[in-house]
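Read through the structure below, which is laid out as structure tokens, and then see the notes.
Because only heavy atoms are used, hydrogens play no part in the values below, and waters and symmetry mates are left out as well, while side chains stay in.
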Amino acid sequence: MISKLMKKAVTFVLSTAMAVTAITFTMPQQKVKAAPTTSSQLVWSDEFNGSSLDTSKWGYEIGTGASGWGNNELQYYTNRTDNAYVSGGALHIRAKRESYGGKNYTSARLNTNGKFTFKYGYVEARLALPSSQGIWPAFWMLGANIGSVGWPACGEIDIMEAINAENRTYATCHWDCNGHSDYGKNTGNFDITQYHTYGLQWDSQYIRMFVDGNKIYEMYIENNAGGTEEFHRPFYLLLNVAVGGNWPGFAVNDSAFPQEMKVDYIRVYQENPSFNSSSSSNVDHNTGSGNTGNTGNTGNTGNTGNPPASGMGMNSAGAGSATAYVNDSSWTDIHYSVNGGAQQNVRMTQSGSKATYTINGLKSGDSVKYWFTYCNTSGFVKDTESYTYNHNGSGSSGNQGNTGNQPSINPASGDVVIYQDANYGGRSASLGLGNFNLASLQAKGFKNDDLSSIKCPWGYKVTMYADDNFRGAAKVITADTAFVGSDWNDQVSSIKVEKARYRIINRHSGLCLDVSGSNTASGTNVQQWTGNGSLAQTWEVSFNKDDSTYVLTSAIHGKAVDMGGWSKDNGGNAIIWDNNNTDNQRWYITPVDGGYSFLINKHSNKCLEVGGWSTEAGGNAIQWDYFAQPNQQWKFEMVN
């Protein structure tokens, strides 16, 4: 975060980074998981479940720093709740456009220096990021000795940085090797404004960084390779949202403020705890050894070792299922792994002071390793147990071993967001296009008793099903819905997310926007025609967040409505062309009465209309100056 300014000789930095790259990728690769191991302990966390920032864990950095915090940044950091506050189970760091302390922007920068420092471990944060020109959120770490040795000799680990509206994130390390050296990588494009997990695995051999469990970065540091001795000392955590500076630049979209980074949680795990903490709410640890359960018709829970007095464990829940439980808890996460497979992490269902979660799809003899992270009257607790599921069945039902493979999981994230509580509160998860069965929703932290509200942008169709695998009663959602209704609240077990399809009807003529002759060639004329339900009259819309425009694409081939030849003239002809999302394919859609809208082309600033006030099939779709007249008004009617 400090680093983007202070590069010394560029040629040296590049050569050093290249040297480290060579070391990194010639070393033997190890198969790793972006998760704490089953033997690690939760040594520090903040779940942001209260009503204010826990200052026993976090301190504020205030002001403008030296040279704009080393990067000529444009904001003033404050300790006000205007810029950092806890609400709805998340920390919000808010950048605002306002005159304050001689700057035109304010924000917050928090750190754990002097309150919590550690060496090696697994760090994970669940973040939803801002995205606009000039914005720069970061989740990162600095060496705790920065006060005595300065930067970059203290070392810096940037777990997540994002700039402007790029919709990608960066992972970078900085250190001193006869001058500033750095090595970094970035992700592909994804929607950073939705919640994602950002992880760091750090040990004496490697620094590895992850997004949603996918490794994007690896650097070899064993035996101080490449002069990396900085990374074998304690570090502390930082969170901030900067505005402008040498890396994102000094062009700022002032109309986009305020901008927020939301932090659902931050957790730090270690195999061999090596940390210092002055927090008043330190983590308690209780790790039971746990013997396997006895065989039998229903499967008994194993010996839980030395669990907390509150009580926890796992019991058979019938064929193919086992239920974990925790008593005396105000919130509970469970991590579990079946037969040593991939770790699953979900929030348990709370009923009073008891939390439960049922694992399905088990076969007789499956070994389940599970560990809880939860909060009770004593603070944070972690406990690890193991359990062997056995269910022999009876009669014609046969053995449970014939249940087949685990249900498929769709991990896609996208523009549709589901929420645990009404009014878009509680746990949330983003869904991309596709089908999400119960296993897919569980992988995102949801069950069939979790969903109460949903954000469905225009252009999408969401079908909710009462039963798993898209069966039973169904309900279609096509707009943001603050409460899905008492008949559907906590009832959804599977979901389909599709692009909505529309026919687009002219108000004056009553005819439909149509691709002439159902032609698939770029340059084909766009016209009006009598409604016939064909794909030539079927359209999808895609939203551009950067300028609030839409692209209209034909269901025939995905090509876009385009103002031919980049015309800005009255009478310019509308055609279809390969969808390249250019300004002459972008349309502002402004609703008017009766469900009709105007379509204004971004490039020409002219309105899509039917030329010559034609009411005949084959009348041309053209652009003209906006006059708010009926032949310039269009209605979108969903057809799927």
Side-chain angles (χ1 to χ4, degrees), residues 1-7 10 64-65 67-77 83-84 92-98 103-109 125 127-140 156-174 182-196 198 209 211-212 216-217 238-263 413-415 430 457 542-551 580-583 585-586 602:
M1 180 69 188
I2 296 176
S3 56
K4 304 304 181 277
L5 167 68
M6 300 182 177
K7 296 189 174 176
V10 173
T64 59
S67 301
W69 301 98
N71 304 291
N72 293 313
E73 297 164 27
L74 304 178
Q75 78 289 326
Y76 190 103
Y77 286 131
N83 299 115
H92 300 248
I93 297 182
R94 173 181 288 177
K96 299 179 65 179
R97 183 174 180 263
E98 60 178 333
K103 294 291 185 177
N104 293 323
Y105 308 93
T106 60
S107 188
R109 173 162 153 158
L127 312 172
L129 307 178
S131 178
S132 67
Q133 181 62 39
I135 208 73
W136 184 4
F139 170 48
W140 53 304
E156 176 181 338
I157 302 173
D158 299 322
I159 304 171
M160 183 291 303
E161 293 182 282
I163 58 168
N164 300 324
E166 288 189 354
N167 274 327
R168 70 179 66 199
T169 61
Y170 296 79
T172 312
C173 283
H174 304 266
D182 63 3
Y183 174 61
K185 289 205 166 186
N186 61 270
T187 66
N189 287 337
F190 66 105
D191 187 357
I192 66 173
T193 65
Q194 302 300 320
Y195 273 112
H196 298 274
Y198 299 87
M209 293 186 239
V211 177
D212 290 335
I216 64 167
Y217 177 98
L238 298 98
L239 290 163
N240 70 287
V241 177
V243 180
N246 292 356
W247 190 23
F250 301 95
V252 180
N253 181 5
D254 286 343
S255 66
F257 285 86
Q259 288 284 319
E260 283 192 350
M261 174 167 67
K262 292 183 286 188
V263 187
S413 297
D415 294 331
S430 71
S542 299
F543 183 61
N544 294 302
K545 291 182 179 179
D546 58 342
D547 60 4
S548 298
T549 60
Y550 291 86
V551 174
N580 49 37
N581 205 21
T582 50
D583 284 356
Q585 295 180 350
R586 294 189 177 206
K602 180 179 180 180

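With values rounded to the nearest 0.5 angstrom, N83 atom CG is found 3.5 Å from T106 atom OG1. To the nearest 0.5 angstrom, F190 atom CZ is 10.0 Å from R168 atom CZ. From L129, atom CG reaches atom OH of Y195 across 10.0 Å, with rounding to the nearest 0.5 Å. The CD1 atom of I216 lies 10.5 Å from the CE atom of M160; values are rounded to the nearest 0.5 Å.
In this structure, N581 and R586 have side chains that are in contact, with non-hydrogen atoms separated by less than 4.5 Å. Looking at V243 and I135, their side chains come closer than 4.5 Å, going by heavy atoms from C-beta outward. Put simply, the side chain of S107 does not reach to within 4.5 Å of the side chain of Y76, judged on heavy atoms. Taking 4.5 Å as the limit, every side-chain heavy atom of W140 sits out of range of all side-chain heavy atoms of I159.
Here the closest non-hydrogen pair linking A138 and M261 is O-CE, 3.7 Å. When every heavy atom of C173 is checked against every heavy atom of M209, the shortest pair comes out as SG-CE, 3.9 Å. Heavy-atom minimum distance, S131 versus A165: OG-CA, 3.2 Å. In this structure, I192 and P130 approach most closely via the heavy-atom pair CD1-O, 3.7 Å. Residues Y77 and V241 come closest through the heavy atom pair CE2-O, 3.6 Å. For the residue pair K103 and E73, the shortest heavy atom distance occurs at NZ-O, 3.8 Å.
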Assess the residue pair T169 and Y198 against the criterion (side-chain contact (heavy atoms from CB on, under 4.5 Å)); give the C-alpha distance rounded to whole Å, side-chain angles, the decisive distance to 0.1 Å, and a yes or no.
CA-CA 10 Å; T169 61; Y198 299 87; 3.9 Å; yes
Practice task
Begin from the C-alpha positions of D158 and H174 and carry the test side-chain contact (heavy atoms from CB on, under 4.5 Å) through to its verdict.
Solution key: CA-CA 8 Å; D158 299 322; H174 304 266; 3.1 Å; yes
(Q) Please evaluate residues Q75 and W69 with respect to the criterion side-chain contact (heavy atoms from CB on, under 4.5 Å), reporting the C-alpha separation (whole Å), side-chain torsions for both, the decisive distance (0.1 Å), and the verdict. (A) CA-CA 10 Å; Q75 78 289 326; W69 301 98; 3.5 Å; yes
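Residues satisfying the salt bridge (Lys or Arg N to Asp or Glu O under 4.0 Å) criterion with D254, sequence neighbours excluded, are R97. For E166, there are no salt bridge (Lys or Arg N to Asp or Glu O under 4.0 Å) partners two or more places apart in sequence or in a different chain. Annotation: ring-ring contact (aromatic ring centres under 6.0 Å, His included) contacts of F139 (sequence neighbours excluded): none. Scanning for side-chain contact (heavy atoms from CB on, under 4.5 Å) contacts around S413 gives H196, S430, K444, with sequence neighbours left out. Under the ring-ring contact (aromatic ring centres under 6.0 Å, His included) criterion, F250 pairs with no residue, sequence neighbours left out. A search for side-chain contact (heavy atoms from CB on, under 4.5 Å) contacts involving N164 returns Q133, P248, not counting sequence neighbours.
Under the 30°/60° scheme for interplanar angles, the aromatic rings of Y170 and W247 are found to stand perpendicular.
There is no side-chain donor-acceptor pair under 3.5 Å between D182 and T172. Checked by atom type, the side-chain pair N240/W136 shows no donor-acceptor distance below 3.5 Å. Between the side chains of N167 and N189, not a single donor N or O lies within less than 3.5 Å of an accepting N or O.
With E260 contributing its side chain and H92 its backbone, the two residues share no donor-acceptor pair below 3.5 Å. The closest donor-acceptor contact from the side chain of T549 to the backbone of N544 lies at 3.5 Å or more, if one exists at all. No side-chain donor-acceptor contact under 3.5 Å links N72 to the backbone of G245.
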